[in-house]
Amino acid sequence: MTDRHAPDGGAGLPGSALVVIPTYDERENLEPVVQRLHAALPAAHVLVVDDASPDGTGELADELAAADERVHVLHRSDKAGLGAAYVAGFDWALARDYAAVVEMDADGSHPPEDLARMLAMLGPDGTGADVVIGSRYVPGGRVVNWPWHRQALSRGANLYSKYALGVPINDSTAGFRAYRRHVLTELSLHDVASQGYCFQVDLTLRAVEAGFAVVEVPITFTDREFGESKMSPDIVREALLRVTKWGLRRRATQLKALLPRT
Ligand SMILES: Nc1nc2c(ncn2[C@@H]2O[C@H](COP(=O)(O)OP(=O)(O)O[C@H]3O[C@H](CO)[C@@H](O)[C@H](O)[C@@H]3O)[C@@H](O)[C@H]2O)c(=O)[nH]1
């Protein structure tokens with residue numbers, strides 16, 4: 001039986017979990033999502049990585065941190081993209097002794113109530129997963145309230161990533177995932193150039209190529225009620241270019257391995 005109040009959901013993983021939440025203009029969403037997280041997983045720590053949000057999200061995060069020692073804040077001076085925010089958050093985590101690090105959006109679209117289940121799947125060496133992805137696109141996974149064009153974009157991006165890269169992952173753009181600490185120490189995070197949401201595909205591919213056990217568990221993703229998505233044409237363009245480049249690189253490597261040596 002798992003203990004949902006344990007920092008790791010009862011997996012027996014030593015140490016605690018840090019949930020990294022990148023924020024840009026999420027003032028209405030931040031406090032409710034932290035409350036939901038702590039109701040579900042009281043021992044988890046939170047790191048808000050705010051890129052100088054004009055709406056005062058960073059100041060609100062400071063207030064939450066002052067009132068609760070489980071909440072921490074990293075302030076960055078400019079909006080520099082989701083990827084850079086996560087790399088900064090992971091660095092912060094790795095300088096401390098968290099056993100597991102979680103990615104979660106601030107807008108409530110990822111259900112914190114599923115985290116105990118996800119953390120419980122991260123097992124001790126060799127027995128559990130190294131990365132658990134909260135997936136919309138495995139049986140049992142769902143997307144609620146996203147407009148059809150956003151669903152089509154996400155579905156298309158994930159199908160393209162799966163087949164262009166040849167990785168057996170159905171939701172490689174997912175932003176709700178748990179990593180065992182050692183995965184992040186081994187993934188050469190400082191070589192990651194992806195700025196937008198293709199950061200998620202980048203880390204998925206790196207984890208698969210490094211031979212880590214990456215598993216997907218179904219979640220229900222519910223579109224935000226407040227504020228706006230930060231998705232932009234630049235983010236789509238970056239993802240398309242990078243995924244295509246990675247796919248061609250992988251095919252070239254596979255082809256080279258098939259050619260007779262001279
Ligand atoms: N610090 C920081 N945070 C950012 C930035 N851009 C976005 N964020 C934060 O990153 C989270 C995700 O951004 P959203 O704008 O809410 O993403 P979405 O459109 O709902 O994106 C969904 O699809 C993406 C692509 O599949 C997923 O990567 C993402 O997790 C989510 O599922 C939010 O907490 C948002 O405030 C940035 O430049 N800096």
Side-chain angles (χ1 to χ4, degrees), residues 19-34 36-37 46-58 60-61 72-92 102-112 114 133-137 141-147 149-162 169-178 192 194-205 216 219-240 242-243:
V19 180
V20 181
I21 304 182
T23 56
Y24 192 77
D25 281 353
E26 300 289 0
R27 198 176 164 86
E28 290 155 297
N29 293 312
L30 184 61
E31 193 168 2
V33 87
V34 172
R36 266 176 78 187
L37 171 68
V46 173
L47 175 68
V48 178
V49 184
D50 186 68
D51 280 7
S53 295
D55 76 346
T57 304
L60 172 64
H72 310 273
V73 191
L74 194 58
H75 293 281
R76 290 155 40 82
S77 55
D78 293 300
K79 185 175 186 322
L82 185 80
Y86 269 125
V87 170
F90 293 163
D91 277 345
W92 191 97
V102 171
E103 291 184 13
M104 191 172 84
D105 288 357
D107 58 6
S109 54
H110 298 141
D114 283 341
I133 296 179
S135 177
R136 299 161 284 196
Y137 305 129
R142 283 194 327 136
V143 173
V144 175
N145 289 345
W146 245 6
H149 53 87
R150 192 63 210 271
Q151 292 208 38
L153 185 63
S154 174
R155 274 280 189 186
N158 275 295
L159 283 171
Y160 183 62
S161 297
K162 183 173 180 178
I169 303 294
N170 295 301
D171 195 355
S172 56
T173 68
F176 190 35
R177 42 177 84 193
V192 174
S194 307
Q195 290 166 359
Y197 301 166
C198 70
F199 172 80
Q200 309 294 11
V201 184
D202 198 336
L203 259 62
T204 305
L205 178 60
E216 292 181 274
I219 61 144
T220 297
F221 175 103
T222 308
D223 193 17
R224 60 169 70 234
E225 280 181 45
F226 302 107
E228 283 174 9
S229 164
K230 280 83 204 176
M231 174 64 97
S232 68
D234 280 350
I235 286 175
V236 177
R237 209 171 301 120
E238 183 197 23
L240 192 59
R242 288 195 192 276
V243 172

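FYI, the numbering just counts along the sequence from 1. Both counts, for ligands and for their atoms, begin at 1 and track the order of listing.
Looking only at side-chain heavy atoms (C-beta outward), Asp51 and Asp78 stay at 4.5 Å or farther from each other.
Residue Gln200 approaches ligand 1 through these ligand atoms, each under 4.0 Å from one of its heavy atoms: 28 (O). For ligand 1, the atoms closer than 4.0 angstrom to any heavy atom of Ser229 are 15 (O), 18 (P), 19 (O). Counting atoms of ligand 1 from 1 in the listed order, those under 4.0 Å from a heavy atom of Thr23 are 1 (N), 2 (C), 3 (N), 36 (O). Ligand-side atoms of ligand 1 in range of Gly175: 30 (O), range being under 4.0 angstrom from any heavy atom.
Thr57 and Asp55 are linked by a side-chain donor-acceptor pair at a separation below 3.5 angstrom, with hydrogens and angles left out of the test. Using a 3.5 Å distance cut-off with no hydrogens or angles, the side chains of Arg155 and Thr173 do not pair a donor with an acceptor. Looking only at atom types and distance, the side chain of Asp50 has a donor-acceptor partner in the side chain of Thr23 under 3.5 Å away. If you check the side chains of Arg136 and Thr220, you find no donor sitting under 3.5 Å from an acceptor.
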* **CA sep, side-chain torsions, deciding dist, call: Glu238, Ser194, side chain to side chain contact (heavy atoms under 4.5 Å, CB included)** => CA-CA 8 Å; Glu238 183 197 23; Ser194 307; 4.2 Å; yes
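Shown here is Arg150, whose CZ atom has more than 12 heavy atoms of other residues, nucleotides or ligands within 6.0 Å.
For a threshold of 3.5 Å applied to N or O pairs, the pair formed by Ala85 and ligand 1 contains no separation below that value. Below 3.5 Å of separation, one finds no N or O of Ala174 facing any N or O of ligand 1. Here's the thing with Val49: one of its N/O atoms is less than 3.5 angstrom from an N/O atom of ligand 1. Taking only nitrogen or oxygen atoms, main chain and side chain alike, Glu26 reaches within less than 3.5 Å of ligand 1. Residue-to-ligand polar distances keep Trp146 apart from ligand 1: every N/O pair is separated by 3.5 Å or more. Looking at Asp105 next to ligand 1, an N or O pair under 3.5 Å apart turns up. Taking only nitrogen or oxygen atoms, main chain and side chain alike, Asp50 does not reach within less than 3.5 Å of ligand 1. Below 3.5 Å of separation, one finds no N or O of Phe176 facing any N or O of ligand 1. For ligand 1, the polar-atom distance check against Glu228 finds no nitrogen or oxygen pair separated by under 3.5 Å.
Both the backbone and the side chain of Leu82 come within contact range of ligand 1, each with a heavy atom under 4.0 Å. The proximity of Thr173 to ligand 1, defined as any non-hydrogen pair under 4.0 Å, involves the side chain as well as the backbone. If you look at Arg150 next to ligand 1, the close heavy atoms, those under 4.0 Å, all belong to the side chain. For Arg136, every heavy-atom contact with ligand 1 shorter than 4.0 Å involves the side chain, none the backbone. Under 4.0 Å from ligand 1, heavy atoms of Lys230 appear from its side chain as well as its backbone.
The distance from the CG atom of Leu74 to the CH2 atom of Trp92 is 8.5 Å, given to the nearest 0.5 Å. From Ser161, atom OG reaches atom CD1 of Ile169 across 11.0 Å, with rounding to the nearest 0.5 Å.
In this structure, Gly81 is part of the shell of residues with a heavy atom less than 4.0 angstrom from ligand 1. Heavy atoms of His110 approach ligand 1 to within less than 4.0 angstrom.
In terms of protein heavy atoms, atom 9 (C) of ligand 1 is closest to Pro22 O, 3.4 Å.
Electrostatic pairing of Glu28 and Arg224 does not count as a salt bridge here, judged by no charged N lying under 4.0 Å from a carboxylate O.
The nearest non-hydrogen atom to atom 39 (N) of ligand 1, considering only Leu74, Val201, Asp51, comes from Asp51. Ranked by closest heavy atom to atom 20 (O) of ligand 1, the top entry among Val143, Asp78, Asp107, Asn158 is Asp107. Of the candidates Phe199, Phe221, Tyr197, Tyr197 brings a heavy atom nearest to atom 17 (O) of ligand 1.
Ring geometry, Phe221 versus His110: the interplanar angle exceeds 60°, so the pair is classed perpendicular (tilted spans 30 to 60°). Between Phe199 and Phe90, the ring planes are tilted. Angles from 30° to 60° get that label.
Counting all heavy atoms, side chain and backbone alike, Gly196 lies closest to Ile235 at CA-CG1, 4.2 Å.
Across Ser135, Pro111, Pro112, Ser109, a single residue satisfies side chain to side chain contact (heavy atoms under 4.5 Å, CB included) together with Phe176, and that is Pro111.
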